[in-house]
Amino acid sequence: MQVDPDSTAAGTPHWVAVAVPTPAHSNLAEPLTYRSDQPLAPGTLVRVPLGKREVLGVVWHSDLPAPAPELVPQVRPVAPLEGLAPLDAHWRALITFAARYYQRALGEVALAALPPQLRTLTSVQMARRLKRQGPAGAVATPPSPSQPLSAEQAAALQAIDSGTGPFLLFGATGSGKTEVYMRAAADVLARDAAAQVLVLVPEINLTPQLEARFAERFGADAVVALHSGLTPAQRLGNWLAAHLGRARIVLGTRVAVMASIPQLALIVVDEEHDPSYKQQEGARYSARDLAIYRGHQCGAKVVLGSATPSLESWWASTPAPDGPGRYQRLAMPRRIGTSASEDATAGLPRVRRVDMNRQPKGALLAPPLLEAIGERIARGEQVLLLLNRRGWAPVLHCADCGWKSECPHCSAYQVFHKIDRTLRCHHCGFTQRVPHACPSCGNADIGSLGRGTEQLEEQLVGLLANVHRPDGSSARVLRIDADSARGAGRLEAQLAQVHDGEVDVLVGTQMVAKGHDFRRVTLVAAVNPDGALYASDFRAPERLFALLMQAAGRAGRDAASSAASEMWLQTQYPQHPLFAALKLHDYPGFAAEQLKERSEAGLPPFSHLALLRAEARTQEAAQGFLAATADAAAESLAQGELAGAFDTVTWYPAVPLTVQRVANIERAQMLLESPSRVALQRVLAACQPILHALRASPEHRAVLRWAIDVDPLAV
């Protein structure tokens with residue numbers, strides 16, 4: 001529907017502020033003023049002219065005072081997207097907070113939270129879509145599960161029911177956290193016929209199996225999924241179902257945290273520690289942290305669940321006086337099927353460390369591990385091998401001249417993929433054929449350095465050639481990683497093979513190490529976990545411990561086989577404290593040591609960080625822009641009302657990113673640190689006009705873009 005520019009002449013125009021999709025660095029961060037010939041409620045979706053384009057916008061404020069008379073002719077009209085209920089005040093408050101906290105434009109965040117297909121619909125098309133939605137989905141009466149609750153599950157549910165939260169459900173892998181989620185959802189839906197539940201998972205590949213479980217319990221019509229893997233039409237339909245209240249349970253990845261769910265009563269964040277909850281482009285928000293804010297703001301209970309909580313959540317759930325006690329910690333340390341009289345680690349896999357310094361040089365798998373794999377296959381059990389590097393080898397090299405397969409566009413190596421004989425850059429996507437000889441010296445004998453999942457898969461087939469299944473057939477190996485799972489339905493088909501027992505050994509990256517309920521897996525092995533032990537990033541030990549503990553949790557999930565389940569670690573540092581804690585399944589001990597180190601070093605959660613990032617044609621230009629920002633901030637903010645806040649912020653020198661060049665663009669960053677979150681936020685907000693002004697100046701014309709990353713995961 002288009003509004004005639006002269007239509008308001010017959011009556012009094014209404015002035016509205018509309019959030020439109022503009023990035024923060026465009027200097028159009030505030031809602032823009034438009035006119036309407038009818039009253040429009042805040043939250044109404046409208047089409048508005050922006051420059052030479054027509055874009056979708058959201059009315060943020062209505063009934064504004066009239067502009068100055070000389071400006072009235074310049075104010076352009078809106079066209080409401082009719083038939084759709086406005087986005088409510090709770091949703092707008094969430095978007096406002098996210099934009100302010102993560103230092104992004106309001107319209108950029110608001111429009112990114114809406115399904116892309118909304119931007120193309122007319123009012124007529126919207127009416128057709130709404131007609132197809134039908135009435136609200138009825139929640140099936142959940143049948144009583146045959147498996148009774150454990151004492152720990154019952155206690156957790158009682159606490160969730162009687163408390164206000166937020167809750168941190170610290171449950172061992174296999175302790176039944178998902179059952180707690182479903183029963184908590186059932187309680188909420190039973191109390192309120194209009195209530196809705198949001199369940200977040202870290203990755204798309206975990207959505208189908210969880211959706212199937214919730215659909216079986218509550219009815220397929222009451223459950224929808226929201227994630228980027230859906231088609232545009234599916235995403236719009238599911239978003240509308242949530243917005244209209246037809247969907248009672250919404251399952252999704254991080255994007256779902258900003259969906260319109262008007263009757264939200266419960267939010268669950270499964271695997272809350274997972275770094276996938278942090279957006280790495282555009283508005284770099286944390287879905288976990290926004291879930292906490294959203295629950296507080298709209299009165300919904302929030303449950304964070306993990307066997308390896310983030311150290312921030314663990315610290316927040318540490319009771320006073322030792323910690324802040326902002327979250328209520330609920331513990332479920334035992335796996336389903338173990339009794340309270342047994343040790344808390346009963347049923348968890350036995351962790352075995354293999355000293356690779358004592359194994360044959362160059363061995364892919366230690367002989368004892370290979371023997372154990374053969375024994376499991378012969379018994380009809382499954383094995384999972386974790387190698388968090390895809391491709392055949394991380395790099396090709398020439399031993400004669402030292403040439404390596406560097407990407408011509410990035411400061412990184414191209415990975416060798418043997419299956420299609422290509423070199424691929426996993427940063428910019430540049431792909432080329434493997435050269436027949438060294439491009440530098442002509443040596444025909446080019447070798448590879450390191451190992452990836454392709455190589456592990458191929459060599460394992462040879463190593464297991466004489467190993468047979470109980471029926472006498474040969475052992476079957478399957479690889480699941482981002483390459484093998486590419487294509488619609490491919491991952492689901494591969495996972496179905498594993499669940500159906502058609503696979504004996506699963507080789508994979510971290511995408512198969514978490515969340516999956518592989519009932520036949522009794523042995524998990526980390527082939528080469530040492531790379532992250534001494535990384536420069538202070539969060540590397542936390543991520544490694546979580547990955548290995550989650551991987552170990554894939555073994556022995558069937559109570560009948562849990563006692564014999566094992567986790568093997570092939571390492572050159574078997575006495576490392578991280579592996580010692582892992583052997584004991586001692587997350588609290590590991591967390592206590594890590595928090596002690598961070599407290600002494602003044603690192604999160606005992607301080608707050610932000611990164612200023614810049615991209616330019618040269619590294620000098622990127623670093624120069626950041627240095628100029630720091631100088632200008634010191635000059636303008638060190639005096640006046642922000643002096644106190646500015647004094648709490650430490651500005652570190654600008655440095656290149658670890659991968660400093662991607663697609664021929666140089667990247668640099670500057671770290672800001674403060675013990676006060678409020679002070680850091682005030683300084684960042686005050687830096688916005690400085691960044692805009694510098695970006696527009698002739699001295700910094702080589703700078704392509706800049707961004708602010710609040711609470712960065714990688715430094």
Side-chain angles (χ1 to χ4, degrees), residues 173 202-203 271-278 280 306-312 314 351-357 364-366 369 384-391 393-395 411-413 415 426-427 449-453 455-456 481-482 507-515 524-554 567-587 589-598 601 603-604 609 657-660 712-715:
T173 54
E203 295 183 5
E271 310 291 4
E272 66 87 29
H273 67 279
D274 199 288
S276 297
Y277 283 122
K278 182 73 157 70
Q280 295 301 320
S306 178
T308 54
S310 64
L311 290 179
E312 285 82 359
W314 186 256
V351 177
R352 303 183 61 168
R353 293 166 289 183
V354 181
D355 187 351
M356 295 304 288
N357 298 299
L364 177 65
L365 297 176
L369 173 57
L384 188 155
L385 298 184
L386 173 67
L387 179 57
N388 208 21
R389 188 184 295 275
R390 57 193 172 104
V395 60
S411 52
Y413 293 115
V415 176
H426 291 172
H427 297 279
L449 294 174
R451 296 186 176 101
T453 49
Q455 186 176 166
L456 178 57
D481 56 27
V507 174
T509 54
Q510 63 179 353
M511 66 189 298
V512 298
K514 50 194 176 185
V524 174
V527 175
N528 182 21
D530 291 346
L533 286 178
Y534 300 102
S536 58
D537 189 343
F538 70 91
R539 283 194 172 92
E542 177 186 4
R543 286 196 293 264
L544 177 61
F545 188 88
L547 175 61
L548 295 178
M549 201 159 180
Q550 292 288 331
R554 299 318 103 203
M567 168 69 166
W568 289 58
L569 300 168
Q570 291 196 156
T571 174
Q572 293 182 321
Y573 309 98
Q575 301 308 315
H576 194 282
L578 186 149
F579 294 144
L582 187 71
K583 181 174 177 62
L584 298 174
H585 298 278
D586 184 15
Y587 173 82
F590 170 78
E593 188 61 33
Q594 287 290 304
L595 287 172
K596 178 182 176 183
E597 292 180 8
R598 291 197 188 181
L603 292 169
L609 306 179
L657 269 69
T658 304
V659 182
Q660 70 178 56
L713 281 189
V715 177

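If you're wondering where the values come from, they're calculated on a predicted model, not measured in any experiment. For the single chain, residues carry numbers from 1 onward in sequence order.
With sequence neighbours excluded, the residues forming a salt bridge (Lys or Arg N to Asp or Glu O under 4.0 Å) with Arg539 are Glu312, listed by chain and number.
With Gln570 contributing its side chain and Ala366 its backbone, the two residues share a donor-acceptor pair below 3.5 Å. Between the side chain of Ser276 and the backbone N or O of Glu203 there is no donor-acceptor pair closer than 3.5 Å. In this structure, the side chain of Glu542 engages the main chain of Leu311 through a donor-acceptor pair within 3.5 Å. In this structure, the side chain of Tyr587 does not engage the main chain of Ala307 through any donor-acceptor pair within 3.5 Å. When atom types are taken as modelled, the side chain of Asp481 and the backbone of Thr453 share no donor-acceptor pair closer than 3.5 angstrom. Arg353 places no side-chain N or O within donor-acceptor distance of the main-chain N or O of Leu569, the cut-off being under 3.5 Å.
Taking 4.5 Å as the limit, some side-chain heavy atom of Ser306 sits within range of a side-chain heavy atom of Gln550. The shortest side-chain heavy-atom distance between His585 and Met549 falls under the 4.5 Å cut-off. In this structure, the side chains of Arg352 and Leu369 stay at 4.5 Å or more apart for every pair of heavy atoms. Arg543 is listed as a side-chain neighbour of Asp537, based on a closest heavy-atom distance under 4.5 Å. A 4.5 Å side-chain heavy-atom check between Leu364 and Arg451 finds at least one atom pair inside the cut-off. Val351 places none of its side-chain heavy atoms less than 4.5 Å from the side chain of Phe579. Side-chain contact between Arg390 and Val415 is absent, with no heavy atoms from C-beta onward closer than 4.5 Å. Put simply, the side chain of Leu365 reaches to within 4.5 Å of the side chain of Leu385, judged on heavy atoms.
Gly450 and Ala393 get closest at one heavy-atom pair: O-CB, 3.6 Å. The shortest non-hydrogen separation linking Val524 to Ala552 is CG1-N, 4.5 Å. Nearest heavy atoms, Phe590 versus Ala581: CB-CB, 4.1 Å. The minimum heavy-atom distance linking Asp530 with Gln572 is given by the pair OD2-N, 2.8 Å. Contact record, Pro394 with Tyr413: O-CB, 3.9 Å, taken as the closest heavy-atom pair. Ala412 and His427 make their closest contact through CB-CD2, 3.5 Å (heavy atoms, listed as atom of the first residue, atom of the second, distance).
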Given side chain to side chain contact (heavy atoms under 4.5 Å, CB included), test Asn528 with Met356 step by step and report yes or no.
-> CA-CA 10 Å; Asn528 182 21; Met356 295 304 288; over 6 Å; no
Going through the checks in order, is the side chain to side chain contact (heavy atoms under 4.5 Å, CB included) test met by Arg554 and Thr173?
-> CA-CA 8 Å; Arg554 299 318 103 203; Thr173 54; 3.8 Å; yes
Stepwise, does the side chain to side chain contact (heavy atoms under 4.5 Å, CB included) test hold for Val507 with Leu387?
-> CA-CA 7 Å; Val507 174; Leu387 179 57; 5.5 Å; no
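Aromatic pair Phe545/His273: centroids not less than 6.0 angstrom apart.
With rounding to the nearest 0.5 Å, the separation of CD in Gln510 from CG in Asp274 is 7.5 Å. Rounded to the nearest 0.5 Å, atoms CG (Leu582) and OG1 (Thr571) are 11.0 Å apart.
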